[in-house]
Amino acid sequence: MQTVTRLDPLRNALDALRIDGTLALVPTMGALHEGHLTLVREARQRAAHVIVSIFVNPRQFGANEDLDAYPRQLARDQALLEAEGVSLLWAPEPQAMYPDGYATNISVLGVSDGLCGAARPGHFDGVATVVCKLFNQVQPDLALFGEKDWQQLAVIRRMACDLDLNRPHASAILGVPTVREADGLAMSSRNAYLTAGQRAEAAALPHAMKAAIAAMLGGQSVGQAMAELVARLTASGFSSVDYAEVRDPVSLAPVDDPRQVPARLFVAARIGGTRLIDNQPIC
Ligand code: PAF
């Protein structure tokens, strides 16, 4: 596996790989876990070469979010990617991504609002902007993202569609189902912040979501199901629930009756100082 940190060598390396066939991109911010490696394995099934990017994107961190504290473990990540058969690691310096004078922002209206967008103003602008740049830099045939960050995936798909991107085309932006621990908790770098007690309590999140989904499919109103979900999480040790909402999977518009139209349940809840998110289909 080759690691490149500047654009010119990236282009040369990509030209050489493209001779063999299709390229799949897996964008990441590093600190890789099993969820990322699942994306890489899926990408390997679908393309001749897998390119992984590692870039801790300053533009998607809010003023109150600690960019400097974000884990950076390049040597460990390189070893993991090498073992997975990744062909190329694109690990640009911030200066290569946002050189002096950089002035462009991509804002995807509607899908960026509410849910995680409400608590993190500007976050999805930062994501859309960096992902558009990564797409233009690598020009992959397909790109893979985890469904755990469903709103992010919806924002990226909307951006690719609206900007007529072709590499990858919006239809080649693939969501990979959330990888879960044995007790159902969605894998996340943030799980490492939980104490053993909090980690045990955190499993209540996917279970309470499943119960709410079953209740709504049985005819309970969204409002009542969300109230019971919040009560169940609070009783299980969660300190607060940032949101618990039922939305359309593509537009992310609120859904009143999930039995009539496609819908997904989205939850963000805090346990101690750690904010966990999850989403599940209502079907
Ligand atoms: O999901 C992430 O790790 C990041 O938001 C992404 C898509 C790599 C953009 O920085």
Side-chain angles (χ1 to χ4, degrees), residues 5 10 24-40 42-43 50-62 65-74 76-78 80-81 86 88-98 102 104-108 111-112 115-117 119-138 140 142-160 163 165 168 170 172-179 186-193 252 266 268 275-279:
T5 59
L10 174 73
L25 173 66
V26 178
T28 81
M29 298 208 300
L32 303 177
H33 56 68
E34 197 56 26
H36 298 110
L37 300 182
T38 302
L39 296 179
V40 169
E42 186 65 36
V50 177
I51 292 97
V52 172
S53 63
I54 294 184
F55 179 64
V56 182
N57 175 31
R59 295 177 75 96
Q60 69 188 77
F61 284 78
E65 296 173 292
D66 198 351
L67 170 66
D68 294 333
Y70 198 86
R72 289 161 173 86
Q73 329 173 327
L74 190 62
R76 176 187 165 277
D77 290 345
Q78 276 172 315
L80 288 170
L81 296 175
V86 169
L88 182 68
L89 172 59
W90 169 224
E93 293 294 325
Q95 187 62 19
M97 197 58 101
Y98 302 119
Y102 182 90
T104 299
N105 182 55
I106 296 178
S107 192
V108 186
V111 275
S112 298
L115 303 177
C116 287
R120 307 181 74 186
H123 168 72
F124 288 116
D125 285 16
V127 170
T129 302
V130 82
V131 171
C132 188
K133 284 176 68 72
L134 290 166
F135 284 175
N136 284 331
Q137 291 162 348
V138 176
L142 64 152
L144 295 91
F145 297 86
E147 287 186 349
K148 174 160 174 293
D149 295 308
W150 188 278
Q151 188 175 14
Q152 164 170 285
L153 185 55
V155 167
I156 292 166
R157 284 190 167 131
R158 187 75 251 167
M159 179 266 296
L163 298 183
L165 297 193
I173 296 173
L174 307 182
V176 175
T178 303
V179 183
M187 279 193 191
S188 162
S189 330
R190 293 186 175 187
N191 297 352
Y193 301 140
L252 299 187
F266 296 86
R275 183 173 179 275
L276 301 178
I277 61 169
D278 201 350
N279 68 87

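Start at 1 and go down the list; that is how both ligands and their atoms are numbered. Below, each value reflects all heavy atoms present in this structure, side chains not excepted, and no hydrogens, waters or symmetry copies. As the structure is a computational prediction, the values presented were derived from the model and not from experiment.
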| message | Test side-chain contact (heavy atoms from CB on, under 4.5 Å) on Thr129 and Tyr102; report intermediate values, then the result. | response | CA-CA 12 Å; Thr129 302; Tyr102 182 90; 3.2 Å; yes

| remark: One should read off an interatomic distance between His36 NE2 and Thr28 OG1, to the nearest 0.5 angstrom, of 5.5 Å

| said: For atom 4 (C) of ligand 1, which of the options Lys148, Gln60, Lys133, His123 provides the nearest non-hydrogen atom? | reply: Gln60

| Atom indices of ligand 1, in the order listed, that fall short of 4.0 Å to a heavy atom of Val130 | 9 (C), 10 (O)

| Main-chain N/O of Gly30 paired with Asp77 side-chain donor or acceptor, under 3.5 Å | no

| said: For the backbone of Arg275 and the side chain of Arg190, can you confirm whether one donor and one acceptor N or O come within less than 3.5 Å of each other? | reply: yes

| message | If the condition is side-chain contact (heavy atoms from CB on, under 4.5 Å), which residues does Ala186 pass it with, not counting sequence neighbours? | response | Lys148, Thr178, Arg180, Asp278

| message | Among all the protein's non-hydrogen atoms, which is closest to atom 7 (C) of ligand 1, and how far away is it? | response | Gln152 NE2, 3.4 Å

| task | Report, in ascending order of atom number, the atoms of ligand 1 lying under 4.0 Å from any heavy atom of Thr28. | result | 8 (C)

| Contacting atoms of ligand 1, where contact means under 4.0 angstrom from a heavy atom of Pro27 | 8 (C)

